[in-house]
Amino acid sequence: FRELAMGGEAAPGGRPFPYKDIAVLYRSIQTAKILEEELRLGGVPYRVFGGTQFFDRKEVKDIVAYLSVVDNPRDELSLRRILDVPPRDANGRDDERERVLCGYVAFLDPPKDSARTALAALAAGGVVVKVLSGDSALVCGKVCREVGIPAGDVLLGSDVAGLSDADLAAAAERTTVFARLAPADKERIVRLLRGRGHVVGYLGDGINDALALRAADVGISVDTAVDIARESADFILLEKDLQVLDAGVREGRKVFVNILKYVRMGASSNFGNMFSVLGASAFLPYVPMAPIQVLTNNLLYDFSQVPIPTDYVGPEQLAKPRPWTMDAITKFIVFIGPISSIFDYTTYFLMLYVFRCWDPARAALFQTGWFVESLMTQTLIIHVIRTNKIPFFQTRASWPLTVTTVAVMAVGMWLPFSPFGPALGVVHLPPLYWPFLALTLVCSDPVRAAFPLIKTSTALTRVSNAAPELSRVAMLGVFAAIAPA
């Protein structure tokens, strides 16, 4: 460009540069600065008119005519270099003769090299990517081919406007690329996809994306987006890389899986304890566990759950979205809760018939035996709930979770012999108790681990469908049992 502006010997074809005026129309201030620097280095006089507008053909013609008479930088329309020719009042058709089109200058903005990899990773994770654009179908199709998105049939904005909500919702399910969309069309498509049960995330950085960003479950923009897009978004990406989205999706699923572990563990354990308390209150002449022991048990049990956020999540748990459904949680509670109560009742049998704890004078021994067994089995259950595989063999928890599990179990066995025992109302346990406890721990985890297999049983499925009613009946029974006390 500098050589052309100077009329140097390196003109096209080796001929001297024969043209008397040069006009350059540009859309960004950054481009103007580059051109201005080239002219300055070339040692030629120039005038600068800068701007960031988008021009159609008629506007370009008007600008070219206007440049011959305007000499005001505030107009900021274009950049023009004038050589030897004084300004004219207007440019006419005759001025277009004997000119040579040297070529067009454009900026190439290809997709990032990581885009194809990131989109493939999202697809492998069950995330369906759709393109909602205001650009033409040809542009959208080319970009999709470059990044590996199968465009298929493109739905245009003119077609979208003529569809009812029901028809557009069905079309949105099977269509990947939408072109020539108005801002309201984008918002409508996002809203209809959400109405069909999909969790929708929308990524955009322009003014036309604001409505869709607000309509989506998760609006995502970039730090260089326009103000209204950043304000409408829920997240702002500081890196212009789609792999950040894939990493965010997988990290979110990891957090959700670990939250689900905590909910399942706490709910199933408490539900099982209610069954145990209900049964013990029916035939014991004293409470099965003293209030201070219940509080201590819960304190230690909750402490063992603190490292759950650090737990390892297997790839099979991250492979697809895992929706939050109360039905699945209820079924889990109804199965696992009573299973844990089975081992509570075997402990009751041991304490009552082997160690003769029917006598109220031996209530402390019974309470200590159930306190230790309950704490041990509850603490170990996290290693069963955290995976559908065989715990300790096919998969293992993170080391912080393993450490707290071992530490809490050690404290539970130490408390009956510790100086804190009298304050907690726990007493020394007979030697025969410990082999039984070990057998209980060995048997309890495999039985609970079999839940993924037995939950498909037809009979058990019928029971699980009545889970809400069963849980209400059980809770009413517990309240009735403890009310007289």
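Here the side chains of Pro430 and Leu365 are in contact, with some heavy-atom distance below 4.5 Å. The shortest side-chain heavy-atom distance between Phe371 and Leu415 falls under the 4.5 Å cut-off. Between Val313 and Arg253, every side-chain heavy-atom pair lies at or beyond the 4.5 Å cut-off. Side-chain atoms of Leu437 and Trp434, non-hydrogen and from C-beta on, do get closer than 4.5 Å to each other. For the pair Lys130 and Ile189, the minimum side-chain heavy-atom distance is 4.5 Å or more. Residues Met274 and Leu278 have side chains not in contact (no heavy-atom distance under 4.5 Å, counting atoms from C-beta outward). At least one side-chain heavy atom of Lys240 sits under 4.5 Å from a side-chain heavy atom of Thr224. Residues Leu237 and Leu245 have side chains in contact (heavy-atom distance under 4.5 Å, counting atoms from C-beta outward).
In the displayed structure, Phe256 atom CZ is contacted under 6.0 Å by more than 12 heavy atoms of other residues, nucleotides or ligands. Atom CD of Glu316 has more than 12 neighbouring heavy atoms from other residues, nucleotides or ligands inside a 6.0 Å radius. A 6.0 Å sphere centred on CH2 of Trp399 holds no more than 12 heavy atoms belonging to other residues, nucleotides or ligands. Other residues, nucleotides and ligands contribute only 12 or fewer heavy atoms inside 6.0 Å of the CZ atom of Arg396. Residue-environment remark: CZ (Phe283) exceeds the threshold of 12 foreign heavy atoms within 6.0 Å. Surrounding OH of Tyr345 are more than 12 heavy atoms belonging to other residues, nucleotides or ligands, all under 6.0 Å away. No more than 12 heavy atoms of other residues, nucleotides or ligands sit less than 6.0 Å from atom CD1 of Ile207. The 12-atom threshold is exceeded at CZ of Phe355, counting heavy atoms of other residues, nucleotides or ligands nearer than 6.0 Å.
With values rounded to the nearest 0.5 angstrom, Asp311 atom CG is found 7.5 Å from Thr395 atom OG1. The structure places CD1 of Ile228 at 11.0 Å from OG of Ser221, a figure rounded to the nearest 0.5 Å. For the atom pair Leu429 CG and Phe417 CZ, the distance stands at 6.0 Å (nearest 0.5 Å). Note: Asn270 CG to Met265 CE = 10.0 Å, rounded to the nearest 0.5 Å. Here CZ of Arg250 is found 13.0 Å from CD of Gln317. Values are rounded to the nearest 0.5 Å. Between Glu373 atom CD and Tyr348 atom OH the span is 8.5 Å, to the nearest 0.5 Å.
Exactly one of Thr379, Leu300, Leu375, Thr404 qualifies for a side-chain contact (heavy atoms from CB on, under 4.5 Å) with Met409. That residue is Thr379.
Nearest heavy atom pair, residue Ala151 against residue Thr176, reads O-CB, 3.9 Å. Residues Phe178 and Ala172 approach most closely at CZ-CA, 3.8 Å, considering heavy atoms. The two residues Val408 and Ser304 have their closest heavy-atom pair at CG2-CB, 3.8 Å. Nearest heavy-atom pair, Gly125 versus Pro321, reported as atom, atom and distance to 0.1 Å: O-CD, 3.9 Å. Thr347 approaches Gly369 most closely through the heavy-atom pair CG2-O, 4.0 Å. In terms of heavy-atom proximity, Val177 sits nearest to Cys144 at CG2-SG, 3.6 Å.
In this structure, the ring of Phe275 has its center less than 6.0 angstrom from the ring center of Phe271. If you look at Phe366 and Trp358, their ring centroids are not closer than 6.0 Å.
Side chain of Asp209 to backbone of Gly206: a donor-acceptor contact under 3.5 angstrom is found. Remark: side-chain polar atoms of Arg188 are paired, donor with acceptor, to backbone N or O of Val160 under 3.5 angstrom. Without hydrogens or angle criteria, Gln367 side chain to Val287 main chain gives a donor-acceptor distance under 3.5 Å. With Arg386 contributing its side chain and Val257 its backbone, the two residues share no donor-acceptor pair below 3.5 Å. Looking at Gln293, its side chain does come within 3.5 Å of a backbone N or O of Leu424 through a donor-acceptor pair. Under a 3.5 Å cut-off, the side chain of Ser232 and the backbone N or O of Ala229 do not form any donor-acceptor pair. No side-chain donor-acceptor contact under 3.5 Å links Ser398 to the backbone of Tyr312. Remark: side-chain polar atoms of Arg264 are not paired, donor with acceptor, to backbone N or O of Ile329 under 3.5 angstrom. Between the side chain of Thr377 and the main chain of Ser374, a donor-acceptor pair closer than 3.5 Å is present. Judged by distance alone, the side chain of Asn208 and the main-chain N or O of Pro183 form no donor-acceptor pair under 3.5 Å.
In this structure, Phe436 and Tyr433 have tilted ring planes: the angle between them lies in the 30° to 60° band.
Salt-bridge check for Asp217 with Arg194: passed, with a basic side-chain N closer than 4.0 Å to an acidic carboxylate O.
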Original post:
What do the steps show when you test Val128 against His198 for side-chain contact (heavy atoms from CB on, under 4.5 Å), and what is the final call?
Top reply: CA-CA 10 Å; Val128 178; His198 298 288; over 6 Å; no

**OP:** Please lay out, stage by stage, how Val154 and Cys140 fare under the test side-chain contact (heavy atoms from CB on, under 4.5 Å).
**Re:** CA-CA 9 Å; Val154 179; Cys140 294; 5.6 Å; no

**OP:** Could you go through the side-chain contact (heavy atoms from CB on, under 4.5 Å) check for Asn258 and Lys254 one step at a time?
**Re:** CA-CA 6 Å; Asn258 284 334; Lys254 177 181 177 181; 4.1 Å; yes

Original post:
Hey, mind stepping through Ile382 and Gln305 against side-chain contact (heavy atoms from CB on, under 4.5 Å) and telling me if it holds?
Top reply: CA-CA 8 Å; Ile382 182 57; Gln305 302 173 48; over 6 Å; no

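Scored by the salt bridge (charged side-chain N to carboxylate O under 4.0 Å, His left out) test, Asp227 finds Arg230 as partners (sequence neighbours excluded).
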